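Order of appearance sets the numbers: ligands from 1, and atoms from 1 within every ligand. Worth knowing before you read on, the calculation uses all heavy atoms, side chains too, and leaves out hydrogens, waters and symmetry mates. Only a predicted model underlies this, so the values are computations on that prediction, with no experimental measurement involved. One-based numbering along the sequence shown.
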Amino acid sequence: MATKTEQELAVPVGVTLDRFIMHSQSAFPYATGELSQLLRDIALAGKIINREINRAGLIDIVGGNGTENVQGENQQKLDIIANIRFIRALKNGGEVCAILSEEEEDIIHTGNNHGKYVVAMDPLDGSSNIDVNVSIGSIFSIYRRVTPINGPASISDFLQGGRKQIAAGYIIYGSSTMLVYSTGDGVNGFTFDHSLGEFILSHKNIGTPSHGSIYSVNEGHYHSYPKFVQKYIEQCKSKSFSARYIGSLVGDFHRNMLKGGIYLYPSTNKDPKGKLRLLYECYPLAFIAEKSGGKAHDGFGSILDIVPQSFHQRSPIYIGSADLVDDVVTG
Ligand code: AHG
Ligand code: MN
Ligand code: MN
């Protein structure tokens, strides 16, 4: 019988996401198909959010909502819409018993207590770019629940640690819309074909360059960064690296993964623990980074090895090409 890798090699660029998922599942004879269905639910939410984003300027859903989320950040109308769309798609799908969202303080019980999975998500990443037509994204992280099936999910299902993710990925709403995900065995990217309404395999088995010459950091905060980060930024300049920072983690990460580069969000005076959220920003992108051959570090060790304490905790992050991440953390 063909091994999984052989089977996946047999899937050519140009197949639909559905077919790709079917192929991948067929390599596991005992798979029940629930994870496959969950990935389809996420893709559906992505298509719906993509539609809302594309017509946002026409139907008065740009701009602030006049509310704050649990982190005390202003919510944009599209943050709330994306949150609702994701929750609805995951509830309807039935495979997920609980959801953790950037936009909600506590976990959301879907009512599907038989569901084997929990999902942590940033429904819309890069909010400040919504109104100005710059790339934004959605990020997701999937765990198999550890609480007994048919009972309620609990905090322990979400605080398993980054290495326990069974799948993670993101949707980027950019010059094209792409879904990028990994179930632990390679990273694949699917470009949305609007005319077909389908995600099509376009970036097969993505491998990130081990080196690169792009650095992405909000240099406006330079003076409140730790010394080793300041030193690294000076090194990047002395090597004439290209500075590229759009302020959407998904967009900056995606570019650097394909081209080779590093994204840095260190601790600052204002955010001593960093700004980005561990469970639904850092862990899933660290998973994708490692599965594509890159690295993700918090200055002490791999992001995936951080022991999580709470739903919305933050972490500094240095993520991207392996050599560059090594350079910044080894000083
Ligand atoms: P979100 O829109 O989900 O709150 O995330 C915003 C994050 C991230 O996407 C981005 O890289 C970073 O905030 C930008 O922060 P600064 O404006 O401080 O550079
Ligand atoms: Mn975000
Ligand atoms: Mn967000």
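- By the rule that hydrophobic residues join a cluster once side-chain heavy atoms approach within less than 4.5 Å of another member, L159 and I139 end up as members of one cluster.
- Note: F192 and H194 meet the aromatic proximity criterion, with ring centroids under 6.0 Å apart.
- Here the two rings, on Y318 and F228, have centers that are under 6.0 Å apart.
- Between Y181 and F190, a ring centre-to-centre spacing shorter than 6.0 Å is recorded.
- Both the sub-6.0 Å distance and the 45° axial angle are not jointly satisfied by K237 relative to the ring of F241.
- In N133, the CG atom is not crowded: 12 or fewer heavy atoms of neighbouring residues, nucleotides or ligands sit closer than 6.0 Å.
- Under the 30°/60° scheme for interplanar angles, the aromatic rings of Y265 and H221 are found to be tilted.
- Residue R19 qualifies as open at atom CZ: its count of foreign heavy atoms under 6.0 Å is 12 or below.
- Looking at E281, its N, O or S atom nearest to the Mn ion (ligand 2) turns out to be OE2.
- Sorted by chain then number, the residues whose non-hydrogen atoms approach ligand 1 to under 4.0 Å are E73, E102, D122, L124, D125, G126, S127, N218, H221, Y245, G247, S248, L249, Y263, Y265, K275, L276, R277, E281.
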How far apart are the C-alpha atoms of H254 and V180, what are their side-chain angles, what is the distance that settles it, and do they pass the side chain to side chain contact (heavy atoms under 4.5 Å, CB included) test?
CA-CA 9 Å; H254 182 73; V180 175; 3.9 Å; yes

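- The tally of protein N/O/S atoms under 2.8 Å from the Mn ion (ligand 3) stands at 3.
- Between the side chains of Q235 and D327, no donor N or O sits under 3.5 Å from an acceptor N or O.
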